[in-house]
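The structure appears below as structure tokens.
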Amino acid sequence: MTTDQDEFSLPSTPSPNLLSDRNQAWRPSFWRASHLAQIDFANLPCPRVFGQDDVHHLNPALTLWDIWPVQLDNGDLVALDGGSLWVMLSAPRLPDPDERHNMARMRLLLKSEAGWQDCGNLLPDGYSPGSREWSGSTRLNPATGEVTLWFTAAGRRGEAKPDFEQRLFHAVGTLDVTGALPCVTQWRNLTPTVANPSQYYADLSITQGVPGQIKGFRDPYWFRDPLDGAGYVMFTASRASHLPASPYDGVIGLAKATDVDGHQMFELLPPILDAFGLASEMERPHMFVRDGLYYVFWSTQSHIFDARFAKGPTGLFGMVGPSLFGPFEPLNGSGLVLANPPEEPRQAYAWQVLPSLEVVSFLDFWGLKGGDIHQDSALKQAQFAGSIAPSGHLRLDGARTSLID
């Protein structure tokens with residue numbers, strides 16, 4: 001098998017009336033081993049090595065990971081009198097950090113001149129249809145105070161044992177800034193974002209994968225296309241099982257809103273990016289438009305590449321194209337935008353590039369100094385941060401990127 005074969009059997013480039021014609025489709029842009037092979041491992045684009053002074057726990061009892069901002073409809077950050085609003089996944093701080101995924105809740109945060117403040121759980125207890133709340137995106141309408149949340153419901157509420165089924169949902173709340181800290185109240189209109197008939201994407205009620213390489217149908221990100229004003233969500237997914245098979249079957253999926261605000265169910269579309277034969281996950285995808293170009297970014301971990309064909313660091317990757325539907329080409333030739341330092345290859349993850357080109361992430365395992373967390377449980381517990389990582393900035397020049405210290 002190579003990454004240059006067994007592609008989707010879909011018609012070619014879409015016509016202008018693509019989205020009104022269900023019989024039309026497009027070929028996704030592929031992320032291939034030949035792209036990843038262009039990485040210069042001697043000159044990786046890396047931030048500095050983080051240390052103890054970079055670990056700040058807002059709540060010592062909680063682990064935090066997977067950060068994203070509350071954004072305006074155009075992707076800009078919400079600016080309140082008190083600062084900006086953010087969401088992170090949270091769980092009790094546990095001896096085994098991996099267990100956090102089995103009890104994840106979304107947490108609202110406020111960033112101001114005074115620093116970061118914890119505003120509590122975003123959703124009420126028992127509101128989510130899943131047994132855990134996984135990542136998504138959040139939008140505020142400042143004129144009405146209406147907050148729309150797209151998120152991943154992992155598992156099923158009340159299940160005896162957490163599994164890896166993932167479903168996309170959205171809900172609407174109201175921002176309340178009358179108290180000492182902001183909160184979102186009056187949650188309503190909980191709606192499945194899409195139905196997945198498994199035409200394009202794996203049905204995770206049937207096939208869920210195994211720990212360390214689970215299948216995906218998660219991480220919805222809201223995007224308003226300035227070209228036509230239509231709303232979309234992109235998401236992390238895995239190929240449908242009836243397509244050519246490989247455990248390395250990660251794609252970035254797409255769905256189109258059927259109403260202007262994205263409050264009804266969406267129309268499921270084919271994927272826009274495909275890593276078939278190369279990587280099993282393209283996590284936390286997100287997009288913005290700059291200088292007329294569409295930039296899409298995602299995070300991928302080193303252990304989910306097919307090492308028979310290519311290797312890559314844990315890092316932030318991206319592509320650029322002329323439209324939401326591509327065709328896309330990898331940034332910097334390889335797709336790599338930012339990598340963890342070789343001496344600390346696990347120090348951060350789940351990067352998001354903001355329209356301002358600030359890059360945010362969470363601090364994962366720091367200060368390992370070559371230690372193996374899979375062989376040393378004490379090291380794993382001691383060096384897991386579960387906190388907000390120092391941010392960085394990018395410079396963009398067409399299909400080239402660089403880090404700004």
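Taking every heavy atom of both residues into account, Leu268 and Tyr200 meet most closely at O-CE1, 4.3 Å. The shortest non-hydrogen separation linking Ser135 to Pro220 is O-CD, 3.4 Å. Closest approach of Phe30 to Met319, counting heavy atoms only: O-CE, 3.6 Å.
Between the side chains of Thr185 and Asp176, no donor-acceptor pair is found at a separation under 3.5 Å. Residues Thr314 and Asn340 bring no donor and acceptor atom of their side chains to less than 3.5 Å of each other. Ser128 and Glu133 share no side-chain donor-acceptor pair at under 3.5 Å. Defined by atom type and a distance below 3.5 Å, a donor-acceptor pair is present between the side-chain atoms of Glu358 and Ser391. Residues His35 and Ser334 have side chains that never bring a donor and an acceptor to within less than 3.5 angstrom of each other.
Between Trp351 and Tyr349, the ring planes are perpendicular. Angles over 60° get that label, and only those under 30° would be called parallel.
Within the 4.5 Å cutoff, the side chain of His101 has heavy atoms near those of the Trp65 side chain. Residues Arg93 and His57 have side chains in contact (heavy-atom distance under 4.5 Å, counting atoms from C-beta outward).
When each of Glu165, Glu159, Lys161 is checked for a side chain to side chain donor-acceptor pair (under 3.5 Å) with Ser131, only Glu159 meets the rule. Partner of His263 under the side chain to side chain donor-acceptor pair (under 3.5 Å) criterion, out of Thr258, Thr191, Thr148: Thr148 alone.
Here Phe288 and Phe297 bring their ring centres to under 6.0 angstrom of each other. Aromatic pair Phe235/Tyr201: ring centres closer than 6.0 Å. Aromatic rings from Phe365 and Phe384 are positioned such that their centres are separated by under 6.0 Å. The six-membered or imidazole ring of Phe317 lies near that of Trp31, with a centre-to-centre distance under 6.0 Å.
When the shell of 6.0 Å around CZ of Arg188 is examined, it contains more than 12 heavy atoms from other residues, nucleotides or ligands.
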side-chain hydrogen bond (donor to acceptor under 3.5 Å, both in side chains) between Ser198 and Asp203, worked out: CA-CA 5 Å; Ser198 70; Asp203 181 350; 5.2 Å; no
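Cation-pi geometry between Arg284 and Trp298 is not satisfied (NZ or CZ under 6.0 Å from the ring centre, within 45° of the ring normal). Geometric assessment of Arg239 against the ring of Phe276 yields a positive cation-pi assignment under the 6.0 Å and 45° thresholds.
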